[in-house]
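These notes concern the structure reproduced below.
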Amino acid sequence: MFVHFFHELKKANVPVSLREYLMLLEAMDSDVIERKVEDFYFLSRASLVKDERNLDKFDQVFGHVFKGLDLVTEGHETQLPEEWLKALTEKFLTEEEKAEIEKLGGWEKIMETLKQRLEEQKKRHEGGNKMIGTAGTSPFGANGYNPEGVRIGQKEGRHGKAVKVWDKREYKNLDDSVELGTRNIKVALRRLRKFAREGMPTELDLDDTIKSTAHHGYLDIKMVAERRNKVNLLVFFDIGGSMDSHIKLCEELFSAARTEFKNMEYFYFHNCLYEGVWKDNRRRHNEKMSTWDVLHKFPADYKVVFVGDATMSPYEITYAGGSVEHWNEEAGALWLERVAQIYESAVWLNPVPERHWEYTPSLQIIKQIMGDRMYPLTLEGLDKAMRELSR
Amino acid sequence: MKFEGTKNYVATDDLRVAVNASITLQRPLLIKGEPGTGKTVLAEEVAKALDAELITWNIKSTTKAQQGLYEYDAVTRLRDSQLGDARVKDIRNYITKGKLWESFERDKRPVLLIDEIDKADIEFPNDLLQELDRMEFYVYETNETIKARVRPIVIITSNNEKELPDAFLRRCFFHYIKFPDEETMRAIIDVHFQGLKGKLVQEALNIFYEIREVPGLKKKPSTSELLDWLKLLLSEDISPETLREKDPTKLIPPLHGALLKNEQDVHLFERLAFLARRERN
């Protein structure tokens with residue numbers, strides 16, 4: 001029962017386990033739901049999906065696996081002229097009428113009849129209670145009232161009852177490639193934590209105090225240093241030009257990283273890293289720091305993060321003098337390689353959606369220099385990047 | 001025992017199925033969703049609908065799993081022993097029951113709400129795996145096993161601040177409360193303010209969804225904020241006409257404080273109002 005469905009979910013990378021599958025079967029067995037497709041969809045969703053990020057994938061698989069159920073409607077949807085389905089009138093039914101429609105029979109019967117009717121019917125139909133059209137009480141068509149109605153080409157149900165909710169894929173924007181807010185970023189950044197006790201002993205070490213007191217026979221208080229996140233971070237932000245459209249995302253990343261890491265250093269560059277970086281964009285021409293100084297100043301245990309779209313002319317990376325802003329003695333690629341050599345953990349975060357990456361040659365060059373450690377600036381990408389850094 | 005929503009709470013079909021599945025199979029139900037979409041209220045309403053007692057365990061960042069089971073008060077016992085208190089003989093006097101224990105003791109099935117589980121330490125859900133699965137735990141101090149008389153209905157809410165461990169998730173039913181569409185929203189308003197002027201609701205909803213659509217908002221207003229705002233509109237007796245008034249100088253809706261909770265958002269709106277005014281002139 002539903003083994004195929006289960007495997008399809010696995011294939012689509014929805015994390016499902018046998019335990020959840022058995023739970024679903026148990027629920028089916030104990031008659032939690034009435035035998036309705038919609039309820040089955042809700043039940044399987046509640047038992048198999050455990051993260052809203054996967055809801056969209058689930059909807060897709062469900063729609064695809066149980067496609068047989070909607071084959072009939074799908075096939076005819078395009079054949080119905082659109083103006084038929086434009087709502088002209090709305091009919092409100094009394095309770096008795098609703099009860100009457102309820103009697104019309106189950107799902108399968110309705111599908112069968114629909115097929116028949118579609119063949120019978122050739123004209124637009126309104127009102128009435130048999131033919132397909134708008135505002136009637138026939139089980140087919142839009143805007144009418146029939147509790148078991150099949151929705152044909154209507155945007156949203158007035159009564160919210162027509163069957164194929166999963167095709168709406170309402171959870172689309174919760175997929176984990178959504179842009180992030182600071183709260184989420186902080187959570188993702190938390191992966192990169194290495195606690196260590198260093199510095200002044202300011203906290204009472206209870207275990208050690210008890211042990212030592214018992215050992216000595218007098219109250220012997222032991223102190224330890226506070227636990228701190230030991231990770232040191234060096235961040236380079238690409239600023240200006242094509243990065244302007246990603247400014248909000250970068251701001252969010254920046255503010256989240258600032259609160260999460262006590263030892264965070266940041267510098268700006270434009271398009272590609274060259275011999276100079278700066279800390280204040282207003283005075284970038286006067287207060288440039290030599291990149292060599294930066295690389296010498298921060299020891300090799302710093303973790304390096306580049307944030308940039310890596311979108312430029314390839315010459316800006318590979319040739320000396322390729323920079324759009326000034327004459328650079330050495331190629332940008334050389335500088336990037338130096339960074340990658342000195343700092344073992346380094347990643348590049350790219351706000352450009354991953355699906356566009358392969359069309360930008362400069363992006364590919366940088367990705368190669370970074371040893372494939374380029375991640376999209378989404379929750380998922382950030383998560384992967386932090387895992388990479390914490391290795 | 002089936003949950004069908006109550007007169008104070010509008011439950012969508014999918015939510016109803018999830019709740020009923022978790023009640024029937026006696027598995028915990030994990031609820032997530034935007035803040036203010038009624039996660040905590042759900043537990044209260046389930047309890048009310050099933051006429052069961054609600055036991056709430058609010059989780060903080062310092063909460064330990066053990067606190068839900070029991071706590072052994074060694075300090076009081078030490079003090080009592082020095083004062084020669086007779087209570088010292090029985091260690092049971094110094095064991096304080098936690099919320100989980102409390103819910104295990106009930107003869108009638110209670111609803112146990114574990115609120116905002118993501119606030120606690122990352123290991124917290126793992127520490128509760130066995131306890132929630134088997135509904136029993138062992139008290140070392142007294143050498144006894146506490147077993148639930150009736151398995152409580154467990155509802156867990158999360159705000160998604162931390163990811164929950166897979167082993168824990170596998171044991172739960174999951175439901176994500178999505179933001180209600182306009183139709184559901186009207187049903188919710190109906191439940192909260194009976195006989196509210198239809199026009200006022202319409203205007204208010206229009207403004208509400210417009211605000212939610214404004215790009216760049218830091219915090220979108222949610223259901224609970226809409227309800228607060230309507231309460232204010234009612235008490236100030238603001239007419240639907242005032243709401244509809246598209247006077248550019250008043251682009252910020254009246255009593256916006258209930259909807260916009262962030263200073264930057266209010267600024268954003270003022271800026272938009274300014275732009276709109278300039279366009280007119």
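So you know, we letter chains A, B, ... as the sequences are listed, proteins then strands, and number each from 1. All values below were derived from every heavy atom in this structure, side-chain atoms included, with hydrogens, water molecules and symmetry-related copies excluded.
Rounding to the nearest 0.5 Å gives a distance of 10.0 Å between NZ of B/Lys178 and CG of A/Leu55. A distance of 9.5 Å separates CD in B/Gln26 from CD in A/Glu26, rounded to the nearest 0.5 Å. Interatomic distance, B/Phe173 CZ to A/Leu24 CG, rounded to the nearest 0.5 Å: 7.5 Å. Taking CG of A/Leu43 as the start and OG1 of B/Thr24 as the end, the distance is 9.5 Å to the nearest 0.5 Å. Interatomic distance, OG of A/Ser47 versus NE2 of B/His175, reported as 13.0 Å (0.5 Å rounding). Residue B/Arg16 holds its CZ atom at 9.0 Å from CG of A/Asp39, rounded to the nearest 0.5 Å.
No salt bridge links A/Glu20 with B/Arg27; every basic N to acidic carboxylate O contact stays at or beyond 4.0 Å. Taking 4.0 Å as the cut-off between side-chain N and carboxylate O, B/Asp133 and A/Arg19 count as a salt-bridged pair.
The shortest heavy-atom contact between B/Asp13 and A/Phe42 is CB-CE1, 3.5 Å. The minimum heavy-atom distance between B/Leu25 and A/Met23, with the atom names listed, is CD1-O, 3.4 Å.
Residue B/Lys220 places its NZ atom among 12 or fewer non-hydrogen atoms of other residues, nucleotides or ligands, all under 6.0 Å distant. Counting non-hydrogen atoms of neighbouring residues, nucleotides and ligands closer than 6.0 angstrom, the CZ atom of B/Arg134 reaches no more than 12 such neighbours.
For a residue to count as touching a neighbouring chain, one of its non-hydrogen atoms must lie under 4.5 Å from one of that chain's; by this rule A/Asp51 touches chain B with backbone and side chain alike.
Side-chain atoms of A/Lys50 never come within 3.5 Å of backbone atoms of B/Asp166 as a donor-acceptor pair (strictly under, hydrogens ignored).
Under the 4.5 Å side-chain criterion, counting only non-hydrogen atoms from C-beta, A/Glu38 is not in contact with B/Asp14.
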